[in-house]
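Read the structure below first, then the notes.
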Amino acid sequence: MDKWDKRFMQMTETIATWSSCYKENRSVGAIIVKNKRILTTGYNGAPAGIESCKERGECIRINQGIESGTRHEICYAIHAEQNAIIQAAKIGVSIDGATLYCTHQPCVICTKMIINAGITRVVYKEEYPDTFAVQLMELADIQCEKFAEK
């Protein structure tokens with residue numbers, strides 16, 4: 001890890017504070033970078049125009065007792081990595097060959113999007129309970145690294 005990795009990881013933590021997920025859940029931030037330039041950012045939260053769990057004052061996943069790392073479809077939020085990839089598509093920025101920095105290891109759904117978007121490196125700080133995502137990244141030859149400050 002170099003000084004740029006540290007800088008970009010610090011930025012993901014700031015972006016995570018923008019999360020609109022309910023207070024008891026993870027706040028996740030992501031940025032997509034190429035040639036030391038930030039292309040897009042993303043945080044976990046409800047799609048545009050949809051009331052967030054923070055605004056609702058409750059989380060549907062907590063209310064239904066859904067275990068972390070499972071049943072991703074039952075959630076108002078879009079993951080930070082998904083939002084960063086979608087933002088690139090929306091504004092017409094190529095992320096092929098880029099690095100994705102994220103506060104948390106991507107889930108399997110995000111990993112599939114990362115693979116098809118052409119992202120070649122993922123750096124994350126916190127573990128996530130999804131070992132299949134790690135296997136997919138290995139199969140796709142994506143460099144996946146857990147960030148560790150020196």
How long is the gap from [atom1] on [X] to [atom2] on [Y], to the nearest 0.5 Å?
| X | Y | atom1 | atom2 | answer |
| --- | --- | --- | --- | --- |
| I114 | I32 | CD1 | CD1 | 8.0 Å |
| C110 | I115 | SG | CD1 | 11.5 Å |
| I31 | Q87 | CD1 | CD | 14.0 Å |
| C21 | Y76 | SG | OH | 12.5 Å |
| I109 | E73 | CD1 | CD | 7.0 Å |
| R7 | I38 | CZ | CD1 | 11.0 Å |

I'd like to know if the side chain of [X] and the backbone of [Y] have a donor-acceptor N/O pair within less than 3.5 Å.
| X | Y | answer |
| --- | --- | --- |
| R121 | L100 | no |
| K34 | D96 | yes |
| T103 | T12 | no |
| S19 | Y43 | no |
| N44 | R26 | yes |
| S27 | T17 | no |
| N35 | R37 | no |

Inset, instruction - State whether the number of non-hydrogen atoms from other residues, nucleotides or ligands found under 6.0 Å of E67 atom CD is greater than 12. - result: no
Side chain proximity check, [X] to [Y], heavy atoms < 4.5 angstrom:
| X | Y | value |
| --- | --- | --- |
| K146 | Q105 | no |
| R61 | C53 | no |
| I142 | T111 | no |

Legend entry - salt bridge (charged side-chain N to carboxylate O under 4.0 Å, His left out) evaluation trace for K125 with E13: CA-CA 10 Å; K125 190 170 184 179; E13 291 173 4; 2.6 Å; yes
Heavy atoms only: give me the nearest [X]-[Y] pair and the separation to one decimal.
| X | Y | value |
| --- | --- | --- |
| L39 | I91 | O-CD1, 4.4 Å |
| G42 | N83 | CA-CB, 4.0 Å |
| S20 | A46 | OG-N, 3.3 Å |
| D5 | D2 | N-OD1, 2.9 Å |
| A117 | I85 | CB-CG2, 4.3 Å |
| A98 | V33 | CB-O, 3.3 Å |

Inset, instruction - Please list all pairs passing the ring-ring contact (aromatic ring centres under 6.0 Å, His included) test where one or both residues lie in residues 91-135, with sequence neighbours left out. - result: F8-Y101
Inset, instruction - Can you tell me which residue pairs pass the ring-ring contact (aromatic ring centres under 6.0 Å, His included) test with a partner in residues 46-67, sequence neighbours excluded? - result: none
Legend entry - Same cluster (ILVMFWY, side-chain, under 4.5 Å), M9 and W4: yes
Legend entry - Co-membership, hydrophobic cluster, residues V123 and I15, 4.5 Å side-chain: yes
Inset, instruction - Start with the C-alpha gap between M113 and Q82, add the side-chain angles, then the distance that decides, and say whether side chain to side chain contact (heavy atoms under 4.5 Å, CB included) holds. - result: CA-CA 7 Å; M113 292 178 69; Q82 294 169 5; 3.4 Å; yes
Inset, instruction - Tell me, with the steps shown, if V28 and H79 meet side chain to side chain contact (heavy atoms under 4.5 Å, CB included). - result: CA-CA 8 Å; V28 182; H79 288 186; over 6 Å; no
